[in-house]
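Atoms considered below: every heavy atom in the structure, side chains included; atoms not considered: hydrogens, waters and symmetry mates. Sequence lines set the chain letters: A, B, ... in the order given, protein chains first and strands last, and positions in each chain run from 1. This structure is a prediction, so every number in the text was calculated from the model and none was measured.
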There are 4 protein chains.
Amino acid sequence: MSWKFDSVNPIFKQIVDELIIRIIKGDYKKGEKLASVRDLAVEAGVNPNTMQRALAEIELTGLVETKRGDGRYITEDSDIISKFKSEYTNKNAVQFLEKMKEFGFTKEEIIEYLEKIDI
Amino acid sequence: MSWKFDSVNPIFKQIVDELIIRIIKGDYKKGEKLASVRDLAVEAGVNPNTMQRALAEIELTGLVETKRGDGRYITEDSDIISKFKSEYTNKNAVQFLEKMKEFGFTKEEIIEYLEKIDI
Amino acid sequence: MSWKFDSVNPIFKQIVDELIIRIIKGDYKKGEKLASVRDLAVEAGVNPNTMQRALAEIELTGLVETKRGDGRYITEDSDIISKFKSEYTNKNAVQFLEKMKEFGFTKEEIIEYLEKIDI
Amino acid sequence: MSWKFDSVNPIFKQIVDELIIRIIKGDYKKGEKLASVRDLAVEAGVNPNTMQRALAEIELTGLVETKRGDGRYITEDSDIISKFKSEYTNKNAVQFLEKMKEFGFTKEEIIEYLEKIDI
DNA sequence: GTGGTCTAGACCACT
DNA sequence: GTGGTCTAGACCACC
């Protein structure tokens, strides 16, 4: 897996977002053990401290759990994952709709617009 | 008009975005004269330097023009405004679609999802 | 004001706790501006990064707010402070009672015991 | 008996505390033989090394004694147990009072407060 | 000037 | 070996 970072957002935050997406998408299975901080840092090409901070941050979401002196694991609780997924997608959709409405589009126009996009 | 700023994004950038939206929505008419930097700063409750930077930034878009010794005016060129509007909305839409696809949704599912949202 | 740290708990956590107590006790008034990260770090005899982390942590409580490029301020919202105070004291009291009950004391015995302590 | 560990304090320390409480409460009778390190480790769901360390630690208190080639026993000396109990409770009470005083409560207020708590 | 982030390298406690 | 903390020093964006 590859890591690319833009230069406007904090790296540690980009790592958090990327990890969340990977978990939600199922790239990381529930209960799976993560690589060590040092290894992940090497893989992502960042300082171990930066990776450490990202991992500490994602811990707050409940998606990842730490076992002291052992390692980090994706949560076994699939409820948390699915809840997180629906929250995340819903937030995206609502934000998008609100932004577009602010520009004067109706929902019908927005949907019509999306259908035209070739992606 | 009221100004509210979140604490994660740069204030000057939030001002730029807000101004762009107001112009696109037509709150500020084309050719209209803007208030002075100082007055705008007071209205928004920010440091004049910050407002100054926001205005300098938005000038680069062409939506606002400076007449030396006179003041700042919304552009008369409605092409720029409409072009900007379509660019902005298209960027939003594509970004939204890409994000959702990353989560495994098809375009049909996304549209169906949007139709359910009551907004 | 003096800072003393024990060697078992993380320094940044001790700083957070100390700051919370100072705010709750009223040593720092609401709306008051805090010294800069660097100055506080010197005062506490720790690395600026450590102080930075402590301040970032306490921000999550809502007791302190950051104004970008300006500085940090104790919240104006006295509700947050008083709510935090009652939560904190209640947590302490309940934890204490539960611990003592686990040892077989009744509430009457605990209170009697406290009255004897000369403090 | 069940074992639950929080993730902030060292597991071995949580085990020590739990064992002390069980002895003081009388769950483990004086002179009683403890299960083997391995069995205790299985029961608590921890690594044998961790249980080993916890037992070595609690040995220092005198509450548990090792008979070489035989096993570990709760001390026969009830003085040690009761002395430990009073030390432990006193420490708790004093720490609690000091914390609350730091928040501006008088001893009378603290006691009044405790009486209101329904536990 | 302010806060925020990142790297580098060290040390510690826990399993 | 693991995660967690701390120091040191640099650089950046923002006000």
Side-chain angles (χ1 to χ4, degrees), chain A residues 5 7-15 33-42 44-59 64-73, chain B residues 5 7-16 41 44-54 57, chain C residues 5 7-15 33-42 44-59 64-73, chain D residues 5 7-16 41 44-54 57:
Chain A
F5 303 114
S7 59
V8 300
N9 297 304
I11 295 178
F12 83 91
K13 202 173 181 181
Q14 295 181 56
I15 294 174
K33 184 173 185 173
L34 287 175
S36 75
V37 177
R38 292 156 178 82
D39 289 352
L40 282 172
V42 170
V46 300
N47 185 285
N49 278 324
T50 305
M51 184 55 74
Q52 167 74 22
R53 178 167 181 190
L55 292 170
E57 202 93 347
I58 202 177
E59 202 114 35
V64 168
E65 286 164 3
T66 298
K67 293 188 184 163
R68 354 179 69 261
D70 178 5
R72 280 189 173 83
Y73 296 81
Chain B
F5 304 113
S7 58
V8 298
N9 297 303
I11 292 179
F12 85 90
K13 200 173 182 188
Q14 295 181 57
I15 294 175
V16 170
V46 301
N47 188 295
N49 286 325
T50 306
M51 183 56 75
Q52 172 68 33
R53 177 162 180 194
E57 202 90 350
Chain C
F5 304 114
S7 59
V8 300
N9 298 302
I11 294 178
F12 83 90
K13 202 172 181 185
Q14 295 181 56
I15 294 174
K33 185 174 184 173
L34 286 176
S36 75
V37 177
R38 293 157 177 81
D39 289 351
L40 282 172
V42 170
V46 301
N47 185 286
N49 278 324
T50 305
M51 183 56 74
Q52 168 75 22
R53 178 166 181 192
L55 291 170
E57 201 93 349
I58 202 177
E59 203 114 33
V64 168
E65 286 164 3
T66 297
K67 293 188 183 163
R68 352 176 74 261
D70 178 5
R72 280 189 173 84
Y73 295 83
Chain D
F5 304 113
S7 59
V8 298
N9 297 302
I11 293 180
F12 85 91
K13 200 174 181 185
Q14 295 181 56
I15 294 174
V16 170
V46 300
N47 189 294
N49 287 325
T50 306
M51 183 55 76
Q52 172 69 33
R53 176 162 180 193
E57 202 91 349

Where protein sits on nucleotides 8-15 of chain F, one letter per nucleotide: B base, S sugar-phosphate only, - none, heavy atoms under 4.0 Å:
BB----BS
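The two residues Gln14(C) and Asn9(C) come nearest to each other via the heavy atoms NE2-O, 2.7 Å.
For the pair Ile15(D) CD1 and dT15(E) C1', the interatomic distance rounds to 11 Å; values are reported in whole Å. In this structure, the OH atom of Tyr73(A) is 11 Å from the P atom of dT2(F), given to the nearest Å. Residue Phe5(A) contributes atom CZ, which lies 14 Å from atom C1' of dT5(E) at whole-angstrom precision. The CE-P distance, from Met51(A) to dG3(F), rounds to 11 Å in whole Å. Nucleotide dT15(E) holds its P atom 12 Å from the CD atom of Glu57(D), rounded to whole Å. Distance Leu40(A) CG to dG1(F) C1': 15 Å, rounded to the nearest Å. A straight line from CD of Gln52(A) to C1' of dT5(F) spans 9 Å, rounded to a whole angstrom.
Taking side-chain N and O atoms only, Arg72(C) has a distance below 4.0 Å to OP1 or OP2 of dG4(E).
Note on the helix from dG1(E)-dC14(F) to dC14(E)-dG1(F): angle between the axes of the first and last five pairs equals 20°, rounded to 10 degrees.
With Glu65(C) contributing its side chain and Glu59(C) its backbone, the two residues share no donor-acceptor pair below 3.5 Å.
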With a cut-off of 3.5 Å and sequence neighbours excluded, list every side-chain donor-acceptor pair involving residues 46-54 of chain B.
| unit_1 | atom_1 | unit_2 | atom_2 | d |
| --- | --- | --- | --- | --- |
| Asn47(B) | OD1 | Asn49(B) | N | 2.8 |
| Asn47(B) | OD1 | Asn49(B) | ND2 | 3.3 |

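Listed by chain and number, the residues in a side chain to side chain donor-acceptor pair (under 3.5 Å) with Lys67(C) amount to none (sequence neighbours excluded). Scored by the side chain to side chain donor-acceptor pair (under 3.5 Å) test, Lys13(B) finds no partners at all (sequence neighbours excluded). Applying the salt bridge (Lys or Arg N to Asp or Glu O under 4.0 Å) criterion to Glu57(C), with sequence neighbours excluded, gives no partner residue.
Where Gly45(A) and Val37(C) each meet DNA chain E at their nearest nucleotide, the meeting point lying more 5' is that of Val37(C).
Between Val64(A) and Leu55(A) the shortest side-chain heavy-atom distance does not fall below 4.5 Å.
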Residues Thr66(C), Tyr73(C); criterion side chain to side chain contact (heavy atoms under 4.5 Å, CB included); working and verdict:
CA-CA 6 Å; Thr66(C) 297; Tyr73(C) 295 83; over 6 Å; no
